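All values below come from the heavy atoms of this structure, side chains included, with hydrogens, waters and symmetry mates left out. Computed from a prediction, not measured in an experiment: that's the story for all the values here.
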Amino acid sequence: MLLLISPINHEEAIESIEGGADIVDVKNPKEGSLGANFPWVIKDIRELTPEDKLVSATVGDVPYKPGTVSLAAMGALVSGADYIKVGLYGPKDYDEGLEVMKNVVKSVKDIKPDAIVVAAGYADAHRVGAVSPWDIPKIARDAGADLAMLDTAVKDGKTLFDYLDIDDLKKFTDEGHEYGLKVALAGSVKKDQLKPLYDIGCDVVGLRGAACVGGDRNTGHIDRNAVRELKELVESFE
């Protein structure tokens, strides 16, 4: 299970790398759960990240505007991201989600076929009117994306497990794997929740708060020791 850590700037990226993050995920919590950062921040972090580590970039909690989102995805790609994560916030159903993701996949893979495109949904989609989390694996498969992901849209202290129990998460993970996709799970995941996610075959776990001093994704900052502790914990499962 790969450890995806989400820094917001140069300093946090260094902490993430030194701590042993497998994937350095550039985001901006000020703009939401999967808030997009600036192109120059992505470029800077790609330049300081070792070539053998992947850099991920979120393009936002996106609206149902396929053209706009496709341009945002291209922006993340040309800024140096290997992973392009799209938060399907505005699309209300399978059809709208698929339209967004098909155009993102075409835009990205026409330029870089080996780029990794991530269709991300929300375990608490009902709170914001977004597409159901159960549609995400099908959207990812039918759009030609590489990875299906779940996060939480509202960051108010609740975690992924407040909305889906471990059996639900296993069902989501198994479905993604049946479609030939990788599966990522995130959403204010706590340290003691890593083992259950590992046990169900989660491929990538996304963390920010758990890697921050004080455990707060907004007011804390990523610390290499916290990242290292998480990395060692995940490695101990193997």
request  = Start with the C-alpha gap between Phe161 and Ile166, add the side-chain angles, then the distance that decides, and say whether side-chain contact (heavy atoms from CB on, under 4.5 Å) holds.
outcome  = CA-CA 7 Å; Phe161 286 83; Ile166 196 64; 3.9 Å; yes
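- Using a 4.0 Å cut-off between charged nitrogen and carboxylate oxygen, Lys231 and Asp22 count as a salt-bridge pair.
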message = Between Val227 and Ile222, is the side-chain contact (heavy atoms from CB on, under 4.5 Å) condition met? List the steps.
response = CA-CA 8 Å; Val227 176; Ile222 290 175; 3.7 Å; yes
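- Applying side chain to side chain donor-acceptor pair (under 3.5 Å) to Tyr64 and the options Glu96, Lys92, Glu99 leaves one that passes, Glu99.
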key: Residues Tyr122, Leu150; criterion side-chain contact (heavy atoms from CB on, under 4.5 Å); working and verdict   = CA-CA 5 Å; Tyr122 306 92; Leu150 282 184; 6.0 Å; no
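- The environment of Lys158 atom NZ is sparse: at most 12 non-hydrogen atoms of other residues, nucleotides or ligands sit within 6.0 angstrom.
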query = Which is it for Asn9 and His221 under the side-chain hydrogen bond (donor to acceptor under 3.5 Å, both in side chains) test, yes or no, and what are the steps along the way?
reply = CA-CA 10 Å; Asn9 56 33; His221 60 85; over 6 Å; no
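- Judged by a 6.0 Å distance limit and a 45° cone about the ring axis, Lys195 is positioned over the six-membered ring of Phe237.
- Between Ala125 and Pro133, the shortest heavy-atom distance links the atoms CB-CD, 3.9 Å.
- Residues Phe172 and Leu164 fail the side-chain proximity criterion, which asks for heavy atoms closer than 4.5 Å.
- Between Lys43 and Glu47 there is a salt bridge, since at least one side-chain N of the basic residue sits less than 4.0 Å from a carboxylate O of the acidic one.
- For Glu238, the CD atom counts as densely surrounded, since its 6.0 Å shell holds more than 12 non-hydrogen atoms of other residues, nucleotides or ligands.
- When the options Asp25, Val24, Ile116 are evaluated for a side chain to side chain contact (heavy atoms under 4.5 Å, CB included) with Leu54, the one that passes is Ile116.
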message = Please evaluate residues Lys138 and Asp142 with respect to the criterion salt bridge (Lys or Arg N to Asp or Glu O under 4.0 Å), reporting the C-alpha separation (whole Å), side-chain torsions for both, the decisive distance (0.1 Å), and the verdict.
response = CA-CA 6 Å; Lys138 295 180 185 68; Asp142 295 346; over 6 Å; no
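- Atom NZ of Lys109 has more than 12 heavy atoms from other residues, nucleotides or ligands within 6.0 Å.
- No more than 12 heavy atoms of other residues, nucleotides or ligands sit less than 6.0 Å from atom OH of Tyr89.
- Looking at Arg224, Arg228, Arg208 one by one, the single match for salt bridge (Lys or Arg N to Asp or Glu O under 4.0 Å) with Glu15 turns out to be Arg224.
- Salt-bridge check for Lys112 with Asp82: passed, with a basic side-chain N closer than 4.0 Å to an acidic carboxylate O.
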